[in-house]
Amino acid sequence: EAMGLHWQAEGRTARYKLERLMGRLGDATLSSVELAEPETQALLAATWSVEELWARAQKQNPELQEAAHHVRHADAALTAARLEWLPMLMVEGGYEESAMGMQEATFKTGINVPWLWFWKNGSKNSAAKAELLAARAMAEDARQMLREQCRMLASELDLAQAELRLSVEK
């Protein structure tokens with residue numbers, strides 16, 4: 001009976017970890033609470049494949065969402081850096097009338113040619129590309145780590161369920 005309670009607690013701990021992995025707040029007290037018979041049956045009935053866990057975790061995991069946000073931000077920074085290579089046309093005009101009745105109109109135009117300062121734009125583009133590559137690498141690392149956590153937690157849950165079944169049968 002003591003082993004049954006132990007494996008019930010292990011099963012609840014595994015479910016708590018799954019909830020945390022999905023980005024939800026788990027109840028940390030679950031692992032130390034004795035289970036009633038309906039709860040034991042609920043634990044034994046819960047079966048999730050690694051692929052199901054992975055699909056849910058990709059949608060709900062906050063670390064993965066943060067990594068995706070960094071990739072989008074770095075991509076926008078690279079787009080902005082690339083736009084700095086385009087020339088900018090500036091137009092300004094005005095009309096004035098003095099107190100003595102004289103009228104004057106002014107009109108100015110200008111063009112900013114960014115190719116003259118190629119080292120500035122080149123360094124901005126290089127930095128933005130490096131930032132995007134780093135953000136993508138971080139996102140892939142987060143994805144791989146999350147996938148491995150899903151595998152480990154699914155294994156822990158399966159083990160706890162198997163041990164709980166054995167203890168219930170005895």
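Values below: every heavy atom of this structure, side chains too, minus hydrogens, waters and symmetry copies.
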Nearest-0.5 Å distance, [atom1] of residue [X] to [atom2] of residue [Y]:
X: Lys124; Y: Trp85; atom1: NZ; atom2: CH2; answer: 11.0 Å
X: Glu148; Y: Leu153; atom1: CD; atom2: CG; answer: 10.0 Å
X: Glu131; Y: Leu78; atom1: CD; atom2: CG; answer: 10.5 Å
X: Met145; Y: Leu64; atom1: CE; atom2: CG; answer: 10.0 Å
X: Arg151; Y: Leu146; atom1: CZ; atom2: CG; answer: 10.5 Å

Next on the checklist: For Met102, I'd like to know if atom CE has over 12 heavy atoms of other residues, nucleotides or ligands within 6.0 Å.
Outcome noted: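 For Met102, atom CE is not crowded (no more than 12 foreign heavy atoms under 6.0 Å).
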Checklist entry - Just wondering, are more than 12 heavy atoms of other shown residues or ligands nearer than 6.0 Å to CD in Gln103? => result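 Enclosed: over 12 neighbouring heavy atoms sit under 6.0 Å from CD of Gln103.
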Next on the checklist: The test is side chain to side chain donor-acceptor pair (under 3.5 Å); show your working for Glu66 and His70 and say whether it passes.
Outcome noted: CA-CA 6 Å; Glu66 181 68 20; His70 283 292; 2.9 Å; yes
Checklist entry - Looking at residues at least two apart in the chain, or sitting in another chain, which of them share a side-chain hydrogen bond (donor to acceptor under 3.5 Å, both in side chains) with Glu104? => result none
Next on the checklist: Taking side-chain hydrogen bond (donor to acceptor under 3.5 Å, both in side chains) as the definition, give me every residue that meets it alongside Glu51, ordered by chain and number, with sequence neighbours left out.
Outcome noted: Arg147
Checklist entry - Does Glu92 have any side-chain contact (heavy atoms from CB on, under 4.5 Å) partners at least two apart in sequence or in another chain, and if so, which? => result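 Testing Glu92 for side-chain contact (heavy atoms from CB on, under 4.5 Å), a comparison that skips the adjacent residues, returns Lys108.
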Checklist entry - Are any side-chain N or O atoms of Asn125 and backbone N or O atoms of Asn121, one a donor and one an acceptor, separated by less than 3.5 Å? => result yes
Checklist entry - What heavy-atom pair brings Ala67 and Ala139 nearest, and what distance separates the two atoms? => result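 What the structure gives for the nearest pair is CB-CA, 3.6 Å.
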Item to check | Which atom of Leu132 lies closest to which atom of Val71, heavy atoms considered | outcome: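 What the structure gives for the nearest pair is CD1-O, 3.7 Å.
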Next on the checklist: Go through it in stages, so that I can follow the logic: the residues are Arg143 and Trp54, the test is side-chain contact (heavy atoms from CB on, under 4.5 Å), and I'd like the CA-CA distance, side-chain angles, deciding distance and then a yes or no.
Outcome noted: CA-CA 10 Å; Arg143 202 174 353 274; Trp54 174 235; 3.2 Å; yes
